[in-house]
Protein chains: 2
Amino acid sequence: MRFARNSEIYGEEEAAEHLYQVTSGAVRTYRILEDGRRQIGAFYLSGDIFGFEAGDTYIASAEAICESQVLMVRRSALMIRAIHEKDLARQLWNATALELRRSQDHVMLLISSAEQRVMGFLRDMARRAPKNAAIELPMSRQDIADYLGLTIETVSRTFTQLEQKGIISLPTSRRVELRDHILFHDFTRNLG
Amino acid sequence: MRFARNSEIYGEEEAAEHLYQVTSGAVRTYRILEDGRRQIGAFYLSGDIFGFEAGDTYIASAEAICESQVLMVRRSALMIRAIHEKDLARQLWNATALELRRSQDHVMLLISSAEQRVMGFLRDMARRAPKNAAIELPMSRQDIADYLGLTIETVSRTFTQLEQKGIISLPTSRRVELRDHILFHDFTRNLG
DNA sequence: CGAGTTGTTGACCCTTGTCAAAGTATGTGG
DNA sequence: CCACATACTTTGACAAGGGTCAACAACTCG
């Protein structure tokens, strides 16, 4: 399936009929608060699987950030196969556990300072992006702000400050280059 | 198994050998950040099941908040049973999905104001506590602060402000009574 | 009763949000 | 190719919410 920029893939509270895998492009999941603010739960890039945040209904909406291709699999079909293929059942459970871990890492991000949040976000993107290249951000500053629980102005200012400190460089607003030691720091944490 | 106040039930990064159910008392799970701050991931009360936040190793530590009794079940035994009892497998997956949902609700809490966070916390405790009675909080202000990403001072001040506004009353620091309409508001949200 | 823990309050400051404006891309139609 | 419109991003000035530091009050437990 193809989805245009900003088009909805599924909506919160809809029956969760499919699991999804991004084959190209990028996807965001989000929830809207009573006061109208938007909280982005996660970004999914090429290769990532999403739609696991579900019991019977989705608990977040999903949208394509840019023109994206997405693979769809019927949950019901998977469930039937999972009865006999114990390995598949295990994989489904593991994938949900992985999402849980991601969400808990997200919580850890949200309790630190603006600079720490942006750095954490960039480290995560760097880890998931094609190795050692500059990061190409598919999402807007507003998306990043809504993911990190900051305002767009604070995100923008923090990017500028990180560049002034020489921690990143910003050839364009959507392209970020990190100094190597930052990546290294992240790797040691994951191995630790 | 009995655990004394503040004693460790399991540690982060340990092999995840058991699932747990609280039979009496209360449990907190937490992670420590590099800078030494503690983030509490969840509180578990009587009847709650925990230890699901795990692949092969726990991703948080668990401690008894007060003298507590906890039921332990070997994960390996459950996994073996789950191969044949498809319903059990389903339940395990569902329980993890429920934890995921809890974590995402936690994220939503963390992006709002101090008052909203404390209110959200109290609503959650009220919903889980024995119906319509005053809430008896097993955890300290420090625990609440570390759960909500605030300081102990801000939590204390917010409790005082809520009482001054007539939204709660505080017979003692660990006992909270909410006005009915607050509970009602919560119920309507859950019913959708 | 006294010592240690837990909770509350006050004064001040810093980070981040708010409001406003200007700068930069990107795209569209002539 | 240019003129214009629209989105997105950056920057500045100011205000407010929450953090920090410090003192004090209330509970617990020996």
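Sequence lines set the chain letters: A, B, ... in the order given, protein chains first and strands last, and positions in each chain run from 1.
- Atom P of nucleotide D:dT9 and atom CZ of A:R175 are separated by 15 Å, given to the nearest angstrom.
- In this structure, B:T172 reaches neither bases nor backbone, as no heavy-atom distance under 4.0 Å exists between it and the strands shown.
- Note on B:R117: nothing from the nucleic acid sits closer than 4.0 angstrom, heavy atoms only.
- A salt bridge links A:E63 with A:R28: at least one charged nitrogen is closer than 4.0 Å to a carboxylate oxygen.
- A salt bridge links B:K165 with B:E115; the closest basic N to acidic carboxylate O contact falls under 4.0 Å.
- A straight line from CZ of A:F159 to P of D:dT9 spans 10 Å, rounded to a whole angstrom.
- A salt bridge does not link B:E67 to B:R5: none of the charged side-chain nitrogens sits closer than 4.0 Å to a carboxylate oxygen.
- Contact annotation: A:R141 does not reach the phosphate of C:dA25 (side-chain N/O to OP1 or OP2, under 4.0 Å).
- At a threshold of 4.0 angstrom between heavy atoms, the contacts of B:R5 are confined to the sugar-phosphate backbone, with no base atom among them.
- For B:S156, taking side-chain heavy atoms from C-beta onward, the closest of the listed nucleotides C:dG7, C:dT16, D:dT11 is C:dG7.
- Using a 4.5 Å cut-off on side-chain heavy atoms (C-beta onward), A:T57 and A:E14 make no contact.
- Here the side chains of A:Y58 and A:E12 are not in contact, with every heavy-atom distance at 4.5 Å or above.
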Distances under 3.5 Å between protein N/O atoms and the N/O atoms of nucleotides 20-30 of chain D, please, pair by pair.
{"residue": "D:dT20", "atom": "O4", "partner": "B:R157", "partner atom": "NH2", "Å": "2.8"}
{"residue": "D:dC21", "atom": "N4", "partner": "B:E153", "partner atom": "OE2", "Å": "3.1"}

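- Of the possible polar contacts, none joining the B:S103 side chain to the B:L100 backbone as a donor-acceptor pair under 3.5 Å is found.
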Step-by-step salt bridge (Lys or Arg N to Asp or Glu O under 4.0 Å) determination, A:R102 to A:D105: CA-CA 5 Å; A:R102 258 200 3 74; A:D105 287 343; over 6 Å; no
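- When rounded to the nearest whole Å, the span between CD1 of A:I152 and C1' of C:dG23 equals 14 Å.
- Rounded to an integer number of Å, the gap from A:E115 CD to C:dC14 P is 17 Å.
- Taking atom CG of B:L150 as the reference point, atom C1' of D:dG19 lies 10 Å away to the nearest angstrom.
- Put simply, CG on B:L148 is 16 Å from C1' on D:dG17, counting in whole angstrom units.
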